[in-house]
Amino acid sequence: MKNEDLDHEWADDPRAAPDAFEAGLERALAPARYDAGKRPLLIPSEPGRASIRKRVLAAAAIAAVIAAITWAALQQLPDSASRSRELAFEMVSSSGEVAWDPARRLDCGEGGSARLRIGSIGTVELSEHSRLILEQGGEDGYRVFLERGTLTASIFAAPRLFAVGTPSGLAVDLGCVYRTHVEDDGSALIEVVSGRVSFEADGVHALVPSGAECRARPGRGPGLPRWSDASPELCAALERLEFAEDGDERARAISALIAAGEKRDSLTLFHLLERSQAPEREPIVARLESWSAIPATIDRSRLIGGDREALLAWRDVLRETW
Amino acid sequence: MSAASDPFPRSRARAPERADLVAANVGSEQNRSRMDDVARTLDGELARRARLGDRAAFDALYARFARGVHAVLATRVRASEAEDLVQDVFVCAWRARGELREPDRVGAWLFTIARREALAAQRCRVPSALLPDDLAAPEVTGSAERDEAERVLAALRHLPEAYRETLSLRLLGELSGIEIARLTGMTHGSVRVNLHKGLEMLRERLSRGDGR
């Protein structure tokens, strides 16, 4: 963006002339404002080569004492949640830099990777530069939280028994193999290799079938799912829609998405239909029915009206191509 | 860090305050955005040197971004906890400096680390609860000014996330709209909307005496 454009855009920047309310807030918050000058940055020095051995030995000694105390404590608390997790998640193999706490979490550093057994329902593999928090494990289900990095899950169990939390949403297993990736900013990507995943957050959900993927961002939840090999035009239209700022921009992005879609992209368009407002639904329904006729048992006007039952009935028809 | 050891005394002295950045001509928006470009270049240079292990350059980045990092943290954890976490964020950043891929976006990178540290702190405190109900409980500070600040912060924390952080960066971090857009990756339009709506919601919340 040119400077001149910025100048125009920020010409009425409230900060340039804060009103009395904002000025009052700034005064009120002054005591809470961080003063770096009064708090010099203290970074513990990194150990030199000579001291590393000593530190490792000291750490090993401390770890041994902690392990002994922990073991003794666990003997007296046999049903603690951490023991439940210990039993639910078992390290099968690892390589490279890996830190493993059976009751809490798994970290993979530089060149590290590790495979965990999830009860008797499958395995997960954590790639390098990844952190996995173990949240729940047992008969009621298994749940982990991928804080960052990449996790590949191979689960063979009843639907919804296993789930991967991310900062952007919860990927609920419906019986499949899938990959979850979390970026440093908390955004997540689900790629399904086989089976299906339900990606959910705050009442918004996306059904992601085999061969499809879905992105999600913190605070926004899952976006629209699409086929991993969708056309560049459809991908571009999706991105425009995701970042659309206002009604006109959104309308243009929806038109582009409708134009770019082909029959199998009913996956994307149906999810769009579910999340659309009434005025937006007519062209989406028209495009979808050009690919798969609406069954006589479903009232078209109810689809336009956003009736949940009608939408689910039509989804079952459309899903034959997913 | 002493001024003598500062490799970029100009950036160090000027960068922390937006008002300083545009001191030559405060009324000129054109000057403001150009000075923002200058600040971005200086940030990138500091980050490149810090990435090579230059501690003085990293201290300059600390002076430049600590307030903004604190503003990000304060929307997610209590003010006192946020102050401690600022140090953790920069210690973490120093240790991970080799992973900084885009030095020109060092501020955004620090904010990302701050969000992650806040999330980790929340998870340690109350698993699976991002904002516990008691988060906004006023702290015993011994100062009416601090109590008032905490009351405003508590109200701020109850705004929707998008408004919360944008507004905190403005009011607590003292960043301009242009800087907020650059450091958060939001469009300028989004920042403007968030600031406007956030201020309105904060006004409403505070006017009904709801600091929680």
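Given the structure is predicted, the values throughout are model-derived calculations rather than measurements. The sequence lines fix the lettering, A, B, ..., with proteins before strands; numbering per chain opens at 1.
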For the residue pair [X] and [Y], what are the closest heavy atoms and their distance?
X      : Y     : answer
B:L171 : A:E26 : CD2-CG, 3.8 Å
B:F58  : A:L41 : CE2-CD2, 3.5 Å
A:A32  : B:H70 : O-CE1, 3.0 Å
A:Y34  : B:R67 : O-NE, 2.8 Å
A:L42  : B:V91 : O-CG2, 3.7 Å
A:P40  : B:Q87 : O-NE2, 3.2 Å

Heavy atoms from other residues, nucleotides or ligands near CD of A:E249 exceed 12 (cutoff 6.0 Å) |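 Result for CD/A:E249: enclosed.
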
Decide yes or no for A:L25 and B:L156: does some side-chain heavy atom of the first lie under 4.5 Å from some side-chain heavy atom of the second?
-> no

For chain A, the option from B:A71, B:A74, B:S190 that forms the most heavy-atom pairs under 4.5 Å = B:S190

Tell me, out of B:R116, B:H196, B:E148, who's got the most heavy-atom pairs with chain A below 4.5 Å.
->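 Answer, by heavy-atom pair count under 4.5 Å with chain A: B:R116.
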
Thinking salt bridges, do B:E174 and A:R33 make one under a 4.0 Å N-O criterion?
->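 Yes, B:E174 and A:R33 are salt-bridged.
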
Would you compute the distance between atom [atom1] of [X] and atom [atom2] of [Y] and round it to the nearest 0.5 angstrom?
X      : Y      : atom1 : atom2 : answer
B:L202 : A:E22  : CG    : CD    : 10.0 Å
B:E145 : A:L29  : CD    : CG    : 13.0 Å
A:F243 : B:T187 : CZ    : OG1   : 9.5 Å

Is it the backbone or the side chain of A:R39 that comes under 4.5 Å from a heavy atom of chain B, or both, or neither?
-> both

Option in A:H129, A:R220, A:R148, A:R27 with maximal non-hydrogen atom pairs under 4.5 Å from chain B =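 Among the listed options, the one with the most contacts to chain B is A:R148.
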
